[in-house]
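So you know, we letter chains A, B, ... as the sequences are listed, proteins then strands, and number each from 1. Keep in mind that what you see is a predicted model, and the values were worked out from it rather than measured.
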Number of protein chains: 2
Amino acid sequence: MAITIVDVAKKAGVSPSTVSRVLSNHPRISPATAAKVREVLKELGYHPNIMAKSLVSKTTNTIGLILPRPAEELFLNLFFSEVIRGIVTQAARTGYDLMMTTGTTEREELEAVTRLVKGRRVDGVILLYSRQSDPLISFMLEHGFPFVLIGRSDEFPDILSVDNDNVQAAYDATRHLIAQGHKRIGFVSGPPNLIVSGDRMKGYLQALKDAGIEARPEWIVEGDFLQESGYRAMSFFMCLPERPTALVTIDDVVAFGVLRGLTELGYKVPDDLSLVGFNNISLSELSTPPISSMDIGIYQIGYTASQTLIRAVKGEAMPQKRVIIPHRLIVRESSLIQAKD
Amino acid sequence: MAITIVDVAKKAGVSPSTVSRVLSNHPRISPATAAKVREVLKELGYHPNIMAKSLVSKTTNTIGLILPRPAEELFLNLFFSEVIRGIVTQAARTGYDLMMTTGTTEREELEAVTRLVKGRRVDGVILLYSRQSDPLISFMLEHGFPFVLIGRSDEFPDILSVDNDNVQAAYDATRHLIAQGHKRIGFVSGPPNLIVSGDRMKGYLQALKDAGIEARPEWIVEGDFLQESGYRAMSFFMCLPERPTALVTIDDVVAFGVLRGLTELGYKVPDDLSLVGFNNISLSELSTPPISSMDIGIYQIGYTASQTLIRAVKGEAMPQKRVIIPHRLIVRESSLIQAKD
DNA sequence: CACTTTTGTTCAAACGTTTGCACAAAATCG
DNA sequence: CGATTTTGTGCAAACGTTTGAACAAAAGTG
């Protein structure tokens, strides 16, 4: 079968423990034996059995990524490939592997996570975009298992997390529209159980308030991260007796939905309605017109989350619990023309 | 620490082996003991240590996914999130976990794969979109390791693979343009070391030939899967003394690049140039105008690959080595108007 | 040169499972 | 009712590592 440490030991005329120590660069191995063993190691093409290694060392050199449950829906979003790209790149660079799980139902999800965590399959996990009250967080804390949250938890503010300042970002996005002269600004939110929805809404409202503009509840609609919800939001807004002149959306895909609907109906962006999206996924610059978008450094978030987690599992001191990735508004045509009234 | 089988055994007053047998539903366990053990199992919240289990059973209930090396580049494409979505969904449904690796350099990549395969970390792997001569395939074969290729290998035609008929798909796409009256059709290809590039080119050429149209080498340009390459291709074509009236591109993202460039320069699609993309990623229907695209069932490919691999590692009989996922042309506005000359 | 320290190596236990074999008790059989 | 089969359970080895303890040999010390 596969070559084991024992095979190598025999052939090199030493004990298995010596081989193991050569492998881990133990200081008390004579250069001569080390050389000899290394030679045999190469000759036989030895590779360690990770399972055996993990069993005794209790570490796996693997991090887990828990995808949000309704993965079918959210995965559509470019957001995910971007985050994963950041995570996998950083992990690979550090010699870690990445394990992904998801579940279709809450039960399935918890099952999968349990398998990972209690089965000691990974050294730590990354939780992707938490819901308002995420049972997974309690689960992790309960088991004292290292994890990093991408997002934020109100319930547990003191956990390791990587996030951007969604409140401020939405504030800035809204501010931008106000600076363009808009006074009637709507907001297309995400599912209310996602923290990000609330945060961005808050920033939006604050910006209005600070500008002395009264918020209108009917100009805030709830959607998800699919373009259909943008389409629906568009129909809704355009049918109102009094319409907003600009919209902030929770995600670029949603902004796309809005844009598409408007174009179909013969409206022009930004003339009839200005748009600012969120996340700056690659398509926002591809659309006609290109959509202004709040870039939240998605790749960077993934990369940093992975980095933070790996540091944590290695027991390195964490300078700060919560890392905020800076955001940056990318202004494009969809919000460039001044409002007319 | 964590609850082991021994803890359970003690508490239940039986031997560890009995607990193990209860866990695996061994037929020769009395209902009474089984019940008792199960009770303790639940009470103590036992979960098997997968490492230990794998060590003796030599299976991991995990499949590996090897991402193509220049992941940074290709990952941008929605293609990947779609495939991964298919894989992870199917795997989770079967109780398997998914492990992802990649490497920045050829050496790093092989290292990562070796870690997975020789470290007995996964039961089998999925190879994503192979290059013309992929050393990974030889590697797998050499080690007799179960794997499924997404794509095709000329060198090793007899391996498990999931693919679509790229030749026929490109043939059909080109045929569609011909049916619209086009006689001057260009092709934007992908990197020449990817099999898919050659296949689609072949179909394109065959369609021209069958329609009695002579192919023009200068109307075939090489790109990658980024929109920039579409942009470049566009500039190139539009500067030619004699321009094509329609284009088939290797991917929708490339088609986007073309479309964007054309729009910038004031050209109209499909009037000035008709477009047919490939892969039908979600943005092709979002663009203005929406782009006709050859849908190759990406999600289905991932799903099927995972299914095939899991069957293979379980030792089930494989009805066929090579599974072809059907394709379907989605005709949209970008290719709908008849050519004028 | 007798003593202590350092160096290099091996032994054996441990990690948490699975599983072939052994064996006692219970059930079946003629 | 003794002999045989079946049923239920435990023992112990094995999977491939790591690692503390033990120890012999070499080196250093006064």
Is there a side-chain polar atom (N or O) of A/Lys58 under 4.0 Å from OP1 or OP2 of C/dG16?
yes
ask   = Considering only heavy atoms from C-beta outward, does the side chain of B/Tyr299 approach that of B/Thr89 to under 4.5 Å?
value = yes
Can any side-chain N or O of B/Asp123 pair as donor or acceptor with the backbone N or O of B/Ile63 at less than 3.5 Å?
-> no
Atom CZ of B/Arg120 and atom P of D/dA14 are separated, to the nearest Å, by 20 Å
Separation of D/dG16 atom C1' from B/Arg121 atom CZ, nearest Å, is 15 Å
Here the distance between atom C1' of D/dT18 and atom CG of A/Leu55, to the nearest Å, is 10 Å
In short, side-chain hydrogen bond (donor to acceptor under 3.5 Å, both in side chains) pairs touching residues 9-22 of chain B with sequence neighbours left out are B/Lys11-B/Glu43, B/Ser15-B/Ser17, B/Ser15-B/Thr18
**Item:** Side chain A/Ser54, main chain A/Thr59, donor-acceptor under 3.5 Å
**Value:** yes
With sugar-phosphate meaning primed atoms plus P, OP1 and OP2, does A/Ser54 contact a base, only sugar-phosphate, or nothing at under 4.0 Å between heavy atoms? nothing
* Kindly check if the number of other-residue, nucleotide or ligand heavy atoms within 6.0 Å of NZ (A/Lys118) is above 12? => yes
So, with a heavy-atom separation below 4.0 Å from DNA chain C, the residues of residues 40-51 of chain B are B/Tyr46, B/His47, B/Pro48, B/Asn49
Side chain A/Thr114, main chain A/Leu110, donor-acceptor under 3.5 Å
yes
- [ ] Determine, stepwise, if the pair B/Arg115 / B/Thr101 fulfils side chain to side chain donor-acceptor pair (under 3.5 Å).
- [x] CA-CA 10 Å; B/Arg115 213 164 50 204; B/Thr101 323; 5.8 Å; no
Hits for side-chain contact (heavy atoms from CB on, under 4.5 Å) against B/Ser30, two or more places apart or cross-chain, chain-then-number order -> B/Ala32, B/Thr33
Residues in residues 10-30 of chain B with a heavy atom under 4.0 Å of DNA chain C, by number, are B/Ser17, B/Ser20, B/Arg21
Residue pair B/Pro31/A/Val6 against DNA chain D: nearer the 5' end by closest nucleotide is B/Pro31
| field | Under 3.5 Å: donor-acceptor pair, side chain of A/Thr4, backbone of A/Val6 | value | yes
The single option from A/Arg93, A/Gln90, A/Arg85 that satisfies side chain to side chain donor-acceptor pair (under 3.5 Å) with A/Tyr303 is A/Arg93
For residues 309-325 of chain B, please give each side-chain donor-acceptor pair under 3.5 Å, one per line with the distance, not counting sequence neighbours.
residue, atom, partner, partner atom, Å
B/Arg322, NH1, B/Gly151, O, 3.4
B/Arg322, NH1, B/Ser161, OG, 2.9
B/Arg322, NH2, B/Asp163, OD2, 3.1

Sub-3.5 Å pairs of nitrogen or oxygen atoms, protein against nucleotides 25-29 of chain D:
none

